[in-house]
There are 2 protein chains.
Amino acid sequence: MSDPNEERPYHHGNLRAVLLDAADRCLRERGADQLSLRDLAREVGVSHAAPRRHFSDRQALLDALAESGFAQLDTALRTALAGAGEDFPARVRGATTAYTRFATENAALLELMYSSKHRPGATRVIEAAEAPFGLMADLIEQGQDEGALRAGDPERIGLVLFATLQGIASIINGNFVGPDMLDALVETAVEQFLSGNRPVE
Amino acid sequence: MSDPNEERPYHHGNLRAVLLDAADRCLRERGADQLSLRDLAREVGVSHAAPRRHFSDRQALLDALAESGFAQLDTALRTALAGAGEDFPARVRGATTAYTRFATENAALLELMYSSKHRPGATRVIEAAEAPFGLMADLIEQGQDEGALRAGDPERIGLVLFATLQGIASIINGNFVGPDMLDALVETAVEQFLSGNRPVE
DNA sequence: ACTACTTTGTAGCCCATGGCAACATTCTCT
DNA sequence: AGAGAATGTTGCCATGGGCTACAAAGTAGT
C-alpha cells in the first residue's frame with residue numbers, strides 16, 4: 001500500500017494516465033454524469049486545475065475515455081477470436097459474446113463510445129472505432145472465403161452485425177429486458193445472421 | 001407573435017407541458033448536456049425554481065422526455081405500419097425505415113431513451129417502451145401467421161430486430177459512418193432478417 | 001362568501017463544478 | 001548556467017442544481 005506521507009514530486013510524471021484510470025473507475029461506479037474533473041483531481045491528490053494540462057475540457061476527457069474504450073473492445077474481440085478455434089460459427093459466437101459481454105460489463109463506457117455528442121475534433125474516437133469495425137469485417141470476409149457466407153460487402157455486413165450487438169447491449173443496459181435474456185438474444189441474432197447470410201445452394 | 005408586455009398570470013396554467021416542449025427543442029438544438037432547468041425557466045419566462053414544482057430534479061425532466069420519446073416513436077411506427085399495406089415485407093420495411101428515420105432525426109432524444117442511467121423510479125420509461133416493443137412483436141407474429149416467418153418467440157425476435165435498428169441508428173448518430181449509408185444498412189438488415197427467418201420449406 | 005388548505009410560482013441562499021488567468025516549480029535542451 | 005517549455009498551483013468568476021421560506025392563486029367545505 002502507498003504511504004500517504006510519501007512526498008509527491010511537483011511533477012506527477014504520468015498524471016494523464018492516472019487520471020484516465022481514475023476516470024474509468026468513476027465511470028463504472030457512478031456514471032459519466034457524476035464524473036467531475038475536480039473529483040478526479042482530488043482523488044489523485046492533485047490541484048483542481050491540474051487536469052486541464054492534459055484535457056482541455058471535460059468533454060476532452062470523455063472523448064479520451066471513449067477512444068480508450070474502443071481500444072479495449074478491440075483487444076477483447078481479438079483475444080476472443082484468438083481462442084475461438086477455426087470453425088466459423090464458433091468464431092462468430094466468440095466475437096459476439098465477447099462484444100455483448102464487454103458492452104454490458106461496461107455500460108457507461110459504451111454509452112460514451114457511441115455518444116453522438118463528440119466534439120468537432122473527435123476524429124480520434126472515430127479512428128479508434130475503425131479497429132474493431134475492421135476486425136468484424138475481416139471475420140465476415142473470412143466466412144465468405146470459407147463458403148460459410150454468401151457474397152456481399154463485408155464492411156456493410158459487419159456493420160449490421162455490430163449494430164445488432166450494440167443494440168442488444170443497449171436494450172439490456174437500459175433495463176428494458178433482464179440481463180438473463182442476454183444469451184438468448186445473442187444466440188437468436190447469431191442464428192439469424194448465419195442463416196440470413198447462408199450461401200444460396 | 002406574442003406580446004412581450006402581455007401580463008402573465010401568476011399561475012402559468014400548463015407550465016409542465018410548456019417546459020417539456022422547450023426541453024424538447026433544446027435537446028434537438030444543443031443536446032442533453034446543455035439542457036439546464038434554469039435555462040428552460042428563463043426561456044419560458046418563469047422563475048428559476050418554478051420547474052421544480054413539476055420535475056423534482058433535472059433527471060426527472062430527462063426521464064419525462066425519454067418517456068415522451070417512446071410515445072412519439074410508437075405513433076411514428078404505427079402510422080408507418082398503417083400506411084404500409086398488406087404485404088409483409090413491405091410492412092417490415094415500413095416499420096424499420098420509420099424507426100431509423102425517427103432515431104436519426106432525434107439523435108439526442110434516442111440517447112436519452114436508451115440511457116442506462118435512469119433513476120431508480122424510472123419505471124415509467126420502461127413502461128413507455130413496451131408499446132413500441134410490443135408493436136414489433138405483433139408484427140413478427142403476424143408474419144409468422146402468414147407463413148412469411150418461421151416459428152419462434154415473437155417477442156425475442158422482435159427485440160433482436162429492434163436492437164439491430166437501434167444499433168444502426170447509433171452507428172449513424174455516432175458519426176462512424178455517413179448518413180448516406182443509412183438506407184443500405186437498413187436494407188441489408190431487413191434482407192437478413194427476412195432471409196434468416198424464412199420458414200424451412 | 002369566508003375561511004382553510006393545497007397547488008403553483010417566487011426570491012434568495014449555499015455549494016459544487018467548469019473554465020480562466022496569473023504564478024510557481026521542474027524539466028530539457030543548448 | 002540559463003532560457004523556454006511543460007506541468008502543477010492558487011485564486012477568481014459565472015453558471016447551475018437544489019434547498020428553504022415566502023407569496024399568490026386556485027379549491028373546497030361550511
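Chain letters run A, B, ... following the sequence lines, proteins first and then strands; every chain starts at 1. A quick note: this is a predicted structure, and the numbers were derived from the prediction, not measured.
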**OP:** Round to the nearest Å and state the distance from A:Leu15 atom CG to C:dT25 atom P.
**Re:** 19 Å
**OP:** State, without any angle test, whether A:Gln192 and A:Thr188 hold a side-chain donor-acceptor pair at a distance under 3.5 Å.
**Re:** no
Subject >> Interatomic distance, A:Asn14 CG vs C:dT26 P [rounded to whole Å] >> reply: 17 Å
Subject >> Distance test, side-chain N/O of A:His54 to OP1/OP2 of D:dG8, below 4.0 Å >> reply: yes
Subject >> Ring-ring centroid check A:Phe193 B:Phe193, cutoff 6.0 Å >> reply: no
Original post:
Expressed in angstrom and rounded to an integer, what is the separation of B:Phe55 atom CZ from C:dT8 atom P?
Top reply: 12 Å
Subject >> Five-pair end axes of the helix from C:dA1-D:dT30 to C:dT30-D:dA1 and the angle they enclose, rounded to 10° >> reply: 20°
Subject >> Under the side-chain hydrogen bond (donor to acceptor under 3.5 Å, both in side chains) test, residues paired with B:Asp180 that sit two or more places apart >> reply: none
**OP:** Using whole Å, report how far CG of B:Leu40 lies from P of D:dT15.
**Re:** 16 Å
Original post:
For A:Ser115 and A:Glu111, does a side-chain donor sit closer than 3.5 Å to a side-chain acceptor?
Top reply: no
Original post:
Along nucleotides 14-20 of chain C, 5' to 3', which nucleotides get a B, which get an S, and which get a -, given that the test is a protein heavy-atom distance under 4.0 Å?
Top reply: ---SBBB
Original post:
Which distance, rounded to the nearest 0.5 Å, do you find between the CG of B:Leu35 and the CG of B:Leu62?
Top reply: 6.0 Å
**OP:** Please report, rounded to the nearest Å, how far the C1' atom of C:dT25 is from the CZ atom of A:Arg53.
**Re:** 12 Å
**OP:** Only counting residues at least two apart or in another chain, list the ones meeting side-chain hydrogen bond (donor to acceptor under 3.5 Å, both in side chains) with B:Arg52.
**Re:** none
Subject >> B:Glu43: partners by salt bridge (Lys or Arg N to Asp or Glu O under 4.0 Å), with sequence neighbours left out >> reply: B:Arg25
Identify all side-chain donor-acceptor contacts of residues 145-154 of chain A below 3.5 Å with residues at least two apart in sequence or on another chain.
unit_1: A:Glu146; atom_1: OE2; unit_2: A:Gln142; atom_2: NE2; d: 3.1
unit_1: A:Arg150; atom_1: NE; unit_2: A:Arg198; atom_2: O; d: 3.2
unit_1: A:Arg150; atom_1: NH2; unit_2: A:Gly196; atom_2: O; d: 3.4
unit_1: A:Arg150; atom_1: NH2; unit_2: A:Arg198; atom_2: O; d: 3.2
unit_1: A:Asp153; atom_1: OD1; unit_2: A:Glu155; atom_2: N; d: 3.1

